[in-house]
Protein chains: 2
Amino acid sequence: MKPAPFDVVEASRRVWLRDWNSEAASGMAVFTAILRSFQLLNDDVQRVMRSHDLTFARYEVLAWLATDPDSSVTLSWISKTLRIPPATVTDIIDRLEQDGLVRRAAHPTDARTTLAVITARGRKVARNATSDLNTEVYERIGLSETQRDQLIELLAELRASGNEFDVERSRQVIDDLG
Amino acid sequence: MKPAPFDVVEASRRVWLRDWNSEAASGMAVFTAILRSFQLLNDDVQRVMRSHDLTFARYEVLAWLATDPDSSVTLSWISKTLRIPPATVTDIIDRLEQDGLVRRAAHPTDARTTLAVITARGRKVARNATSDLNTEVYERIGLSETQRDQLIELLAELRASGNEFDVERSRQVIDDLG
DNA sequence: GACCATTGTTACGGAGCCGAAGTAACGTCC
DNA sequence: GGACGTTACTTCGGCTCCGTAACAATGGTC
């Protein structure tokens with residue numbers, strides 16, 4: 001996509017400062033900047049996804065399944081962790097199953113819950129897609145390592161304050177990964 | 001929506017550092033952090049939009065029309081500036097027109113182009129929606145003024161390096177606003 | 001006047017979200 | 001051990017936006 005004729009974030013900010021207040025203006029600028037940055041990167045991500053016959057949502061599920069040592073995960077875990085509505089999880093798993101990348105399995109003790117299990121083919125697809133994402137998008141983001149860290153840190157604070165994840169439990173869970 | 005059980009960004013980063021390289025890991029973390037921050041704020045934005053019978057895309061168009069002194073703008077300008085595909089612009093204007101918030105008008109000199117003109121009702125709706133967005137989302141973002149500025153600055157650099165907007169022309173255009 | 005670019009529209013399928021309803025299984029509390 | 005509320009997943013219909021492609025009409029250029 002071609003560049004916009006000007007920086008919409010900065011332009012909007014001027015308008016907001018004129019018509020509203022500085023608190024609203026900076027908040028608006030934060031949201032708009034995040035939205036536009038997302039769109040920018042997402043365009044590239046989608047391109048890679050299409051070349052692997054995936055969508056980002058399907059890829060995300062696959063990627064988590066591929067990293068999990070047990071290679072299986074409950075559908076509700078997917079919904080909670082990736083913040084995907086249950087009805088959409090059903091769609092996604094349907095499609096992944098249909099493509100032979102995942103299969104549904106019964107939970108050993110809880111008859112209500114369904115497990116998603118990655119297949120060998122799914123594992124291969126996940127690995128290839130991630131490899132492409134890395135070289136074609138992630139490694140090309142135009143920021144220094146220091147800037148990336150700052151950005152990640154600021155957004156972590158934004159998310160924590162908005163209760164996007166459980167700050168208390170997070171440390172334990174993550175330490176368990178290592 | 002309820003918080004995720006842990007910080008997915010940080011968890012993914014550990015996995016990436018184990019399986020790939022630090023460049024890919026920080027890039028992935030940047031994208032994921034932006035995505036999740038967007039989702040977090042967007043949930044609130046959508047809530048406000050729904051209460052005004054708008055979508056964010058329709059609101060954005062309306063808000064720009066409301067601030068423009070001439071109150072009219074070509075459809076192609078909308079497409080380029082807000083990065084909305086032409087076919088979607090047609091949909092959006094159709095709906096705004098149907099709701100009586102905007103009307104189409106012929107361009108005075110170029111018979112190919114169509115102008116979108118905001119109505120009095122559209123102006124009122126835009127103002128109310130913005131007011132709610134400000135108090136219910138933008139003014140509540142959990143970052144200090146300094147942090148917001150840092151964040152906006154980092155994202156501006158990310159966008160500029162990704163050619164999201166025309167850096168050269170942007171200064172002129174924005175100075176013209178003031 | 002021929003040629004190409006730009007503008008907007010139409011049509012089609014795909015993806016994900018929303019809301020609401022429904023089924024089935026689990027857990028708890030009296 | 002039965003009633004009740006909760007949790008897990010599915011189904012359905014509708015909506016919005018995207019991607020692609022084709023098309024008509026106009027404008028600009030050589």
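Just so we're on the same page: letters track the sequence lines, and every chain starts at 1. Remember, it's a predicted structure, so these values are computed and weren't measured experimentally.
- Residue A/Met49 contributes atom CE, which lies 16 Å from atom C1' of C/dG16 at whole-angstrom precision.
- Rounded to the nearest 0.5 angstrom, B/Ile141 CD1 and A/Ser26 OG are separated by 7.5 Å.
- Distance A/Asp53 CG to C/dA15 C1': 13 Å, rounded to the nearest Å.
- Judged by a 6.0 Å distance limit and a 45° cone about the ring axis, A/Arg127 is positioned over the six-membered ring of B/Trp20.
- Atoms CD (B/Glu60) and P (D/dC17) sit 11 Å apart, rounded to a whole Å.
- Of the two residues contacting DNA chain C, namely A/Arg95 and B/Gln46, the nearest-nucleotide position lying further toward the 5' end is that of A/Arg95.
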So B/Phe6 and A/Phe165, ring-ring contact (aromatic ring centres under 6.0 Å, His included) or not? Walk me through it.
CA-CA 5 Å; B/Phe6 59 92; A/Phe165 60 92; 8.9 Å; no
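- Distance, A/Phe38 CZ to D/dC17 C1': 13 Å, rounded to whole Å.
- With a 6.0 Å radius and a threshold of 12 heavy atoms from other residues, nucleotides or ligands, A/Glu168 has its CD atom at or below the threshold.
- Side-chain nitrogen and oxygen atoms of A/Arg58 include at least one within less than 4.0 Å of the OP1 or OP2 phosphate oxygen of C/dA15.
- Rounded to whole Å, atom C1' of C/dC17 lies 17 Å from atom CZ of A/Phe56.
- Of the possible polar contacts, one joining the A/Ser12 side chain to the A/Val8 backbone as a donor-acceptor pair under 3.5 Å is found.
- The distance between atom CZ of A/Arg83 and atom P of C/dG16, rounded to the nearest whole Å, is 17 Å.
- Note: CD (B/Glu97) to C1' (C/dT9) measures 13 Å, nearest angstrom.
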For residues 52-65 of chain B, which side-chain N or O atoms pair as donor and acceptor with protein atoms under 3.5 Å away, sequence neighbours left out?
unit_1: B/His52; atom_1: NE2; unit_2: B/Asp132; atom_2: OD2; d: 2.8
unit_1: B/Thr55; atom_1: OG1; unit_2: B/Arg58; atom_2: N; d: 3.2
unit_1: B/Tyr59; atom_1: OH; unit_2: B/Thr130; atom_2: OG1; d: 2.7

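- For the pair A/Ile92 CD1 and C/dG14 P, the interatomic distance rounds to 16 Å; values are reported in whole Å.
- Candidate nucleotides C/dC18, D/dC18, C/dC26 were compared by shortest atom distance to the side chain of A/Asp110, and C/dC26 ranks first.
- Backbone-only engagement by A/Thr55 is indicated by non-hydrogen atom pairs under 4.0 Å involving sugar-phosphate atoms exclusively.
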So which protein nitrogen or oxygen atoms get under 3.5 Å of nucleotides 9-14 of chain D's nitrogens or oxygens?
unit_1: D/dC9; atom_1: OP1; unit_2: A/Thr114; atom_2: N; d: 2.6
unit_1: D/dC9; atom_1: OP1; unit_2: A/Thr114; atom_2: O; d: 3.1
unit_1: D/dC9; atom_1: OP2; unit_2: A/Ser76; atom_2: N; d: 2.5
unit_1: D/dC9; atom_1: OP2; unit_2: A/Ser76; atom_2: OG; d: 3.3
unit_1: D/dT10; atom_1: OP1; unit_2: A/Arg104; atom_2: NH1; d: 2.5
unit_1: D/dT10; atom_1: OP2; unit_2: A/Thr90; atom_2: OG1; d: 2.9
unit_1: D/dT10; atom_1: OP2; unit_2: A/Arg104; atom_2: NH1; d: 3.2

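- Between B/Trp16 and A/Tyr138, the ring planes are perpendicular. Angles over 60° get that label, and only those under 30° would be called parallel.
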